[in-house]
Amino acid sequence: MTAETVERRAVLIAGPTASGKSALALAIAERCDGVVINADSMQVYRELRILTARPSPEDEARAPHRLYGHVDGSDGYTVARYIQDLERTLDETAGRPAVIVGGTGLYFNAMTQGLSDVPPIDEKVRAFWRERARSISPAALHRELAVVDPTLHGRLHPNDTQRVLRALEVADSTGRPLSEWQEKRSRPAIPGAGLARVVMAPARDWLHARIDERFRAMVASGGLDEAAAFAALGLDPVLPVMKAIGLPEMMAAARGDVPITEAVEAAITATRQYAKRQETWFRNQMPEWPRLDPEASRHFLAVVDDIAQRMK
RNA sequence: GCCUGAGUAGCUCAGUUGGUAGAGCAUGCGACUGAAAAUCGUAGUGUCGGUGGUUCAAUUCCGCCCUCAGGCA
């Protein structure tokens with residue numbers, strides 16, 4: 001067995017937004033001298049601390065935190081970059097337990113099961129297909145996929161333009177269909193066996209109440225100003241950051257386009273819908289991960305102690 | 001008190017020349033390999049305000065009642 005295959009001590013904590021996973025991560029990290037590492041696609045952006053519910057400076061003082069707010073909003077972040085960042089961070093923090101926490105199911109899949117080694121897409125090719133997607137119908141775009149990647153043509157819905165576009169880009173840029181690339185995955189950053197893993201699994205009603213409460217607290221603590229300051233940057237509306245839940249709603253309210261109460265309701269609804277999508281992912285993509293109901297506080301503490309012990 | 005309008009899905013509303021109804025949003029369920037807080041698919045739901053009448057049949061027509069909005073007093 002080479003040094004490469006020796007498993008890193010790590011806890012993986014997934015869960016829907018507002019389910020209390022950051023608190024669990026921090027409690028565990030404090031007890032085992034661990035490093036909290038982000039696994040959330042939006043908390044990486046520097047400009048949005050409040051609206052993405054990033055850990056506060058006080059929280060960050062209690063244990064080292066990594067991969068939070070380390071990306072500029074003008075950058076387009078991707079799973080591939082995340083995996084690179086994660087691998088580098090794991091190297092840099094070797095020797096201490098890693099407490100990886102977040103809500104992005106795709107990132108957990110990529111870190112435990114690997115990602116296909118698709119080469120970077122030629123920018124000209126990418127621009128060509130994005131333009132083409134604007135000029136022809138989704139059905140027509142999907143038809144073009146039939147020629148270069150029949151497998152994905154059959155698997156993707158014609159309206160799923162984002163995936164159809166990716167498949168077309170890859171085939172065009174690499175000369176091989178994406179479905180072929182996807183048959184092989186790279187070695188995972190965190191091989192799954194032997195890790196401590198947990199999925200936060202709160203009751204739906206409890207989560208909804210928390211989401212409601214938390215979003216109102218965000219607004220009360222400056223969420224609107226954060227959105228206004230962000231809008232002042234004048235960034236390209238197609239950037240991934242722009243899709244942060246609550247950001248478009250709060251920018252509209254800051255502009256005076258919609259009443260604040262309406263914007264808050266819209267943001268809360270969007271957050272609930274997101275939580276539902278996350279739960280679907282966790283339920284079906286990671287069915288074997290142990291569940292933890294944050295309401296069962298005695299159990300919660302026992303889990304913290306148990307995991308912290310195993311990490312030492 | 002009178003006149004007019006409205007009462008249909010959780011919400012906003014459409015509709016039925018009389019044969020028990022439908023969109024959008026919300027909600028549930030699902031898919032997911034470099035935008036994933038993204039992108040996409042799919043499925044419910046109804047005493048058609050109440051009550052009497054006409055009719056083979058009333059959410060639809062008629063009477064009365066209730067509620068809401070506007071106008072007149």
Side-chain angles (χ1 to χ4, degrees), chain A residues 14-19 38-45 48 51-54 71 73 75-86 102-123 126 129-130 133 138-139 141-142 149 151-152 154-167 169-170 173-174 177-186 188 204-205 208 211 214-215 218 236-250 262 265-286:
Chain A
T17 189
S19 60
N38 174 41
D40 184 292
S41 67
M42 284 293 154
Q43 292 185 343
V44 300
Y45 293 114
L48 303 177
L51 291 173
T52 64
R54 226 158 77 198
V71 176
D75 268 2
Y77 204 65
T78 64
V79 212
R81 266 191 75 186
Y82 174 72
I83 294 300
Q84 283 173 14
D85 288 348
L86 178 65
T104 304
L106 178 63
Y107 289 8
F108 283 106
N109 260 26
M111 75 176 83
T112 58
Q113 293 167 35
L115 205 57
S116 300
D117 289 315
V118 182
I121 304 305
D122 186 289
E123 276 311 316
R126 170 162 292 171
W129 287 106
R130 296 226 168 180
L141 195 73
H142 182 249
D149 194 338
T151 304
L152 279 183
R155 208 146 65 201
L156 297 178
H157 191 279
N159 289 347
D160 196 352
T161 304
Q162 189 168 292
R163 289 195 176 83
V164 170
L165 210 46
R166 166 77 179 154
E169 269 174 14
V170 170
S173 180
T174 70
L178 176 57
S179 54
E180 257 179 50
W181 289 106
Q182 290 182 342
E183 281 165 17
K184 207 168 155 261
R185 285 172 181 265
S186 64
R204 190 68 60 93
D205 287 351
H208 283 183
I211 286 170
R214 191 185 65 175
F215 196 82
M218 283 177 182
D236 189 336
V238 309
L239 286 165
V241 225
M242 294 295 195
K243 302 293 183 81
I245 289 169
L247 180 62
E249 292 85 353
M250 289 303 105
E262 224 172 88
E265 289 306 324
I268 289 171
T269 296
T271 308
R272 290 178 168 198
Q273 293 171 330
Y274 169 51
K276 160 62 190 129
R277 266 175 273 138
Q278 290 177 298
E279 286 178 328
T280 298
W281 180 288
F282 302 141
R283 189 162 44 233
N284 299 288
Q285 303 282 323
M286 0 178 117

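Only this structure's heavy atoms are used, side chains among them; waters, hydrogens and symmetry mates stay out. The sequence lines fix the lettering, A, B, ..., with proteins before strands; numbering per chain opens at 1.
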Selected nucleotide, minimal atom distance to Asp160(A) side chain, candidates A35(B), C40(B), G34(B): C40(B)
Ignoring hydrogens and angles, are the base of C40(B) and the side chain of Arg163(A) linked by a donor-acceptor pair under 3.5 Å? no
Counting just side-chain N and O atoms, does Asn284(A) come under 4.0 Å of either OP1 or OP2 of C32(B)? no
Can you tell which of G41(B), A35(B), U33(B) lies closest to the side chain of Leu106(A)? U33(B)
Please report the distance separating the C1' of A69(B) from the corresponding atom of G30(B), rounded so that it comes out in whole Å. 43 Å
Donor-acceptor pair, side chain of Arg54(A) and main chain of Tyr45(A), under 3.5 angstrom: yes
Any idea which of G30(B), G34(B), A36(B) is nearest the Ser116(A) side chain? G34(B)
By nearest-heavy-atom nucleotide on RNA chain B, the more 5' of Trp281(A) and Arg272(A) is Arg272(A)
Integer angstrom distance from the P of C32(B) to that of A23(B): 29 Å
Can you tell me whether the base of G18(B) sits syn or anti, using the 90° cut around 0 to define syn? anti
Applying the Watson-Crick and G-U criteria (both distances under 3.5 angstrom) with [ ] for crossing and | for other-strand pairs, one obtains for RNA chain B (((((((..((((.....[..)))).(((((.......))))).....(((((..]....)))))))))))).
Exam field: side chain Gln278(A) to backbone Thr17(A), donor-acceptor pair closer than 3.5 Å: yes
Chi class for G53(B): syn within 90° of 0, otherwise anti: anti
In terms of ring plane angle, is the pair Tyr82(A) and Tyr107(A) parallel, tilted or perpendicular, where the classes change at 30° and 60°? parallel
With heavy atoms under 4.0 Å as the rule, sort Tyr107(A) into base, sugar-phosphate or nothing. sugar-phosphate
Between Gln182(A) (side chain) and Ser116(A) (backbone), is there a donor-acceptor pair under 3.5 Å? no
Out of A35(B), G30(B), G28(B), which nucleotide sits closest to the side chain of Arg204(A)? G28(B)
Report yes if at least one side-chain N or O of Thr269(A) is closer than 4.0 Å to OP1 or OP2 of A26(B); otherwise report no. no
P atoms of A31(B) and A9(B), separation to the nearest Å: 32 Å
I want to verify a distance call: between C29(B), A35(B), U27(B), whose nearest atom is closest to the Lys276(A) side chain? C29(B)
Taking only the C1' atom of each, what is the distance from G50(B) to C2(B) in whole angstrom? 23 Å
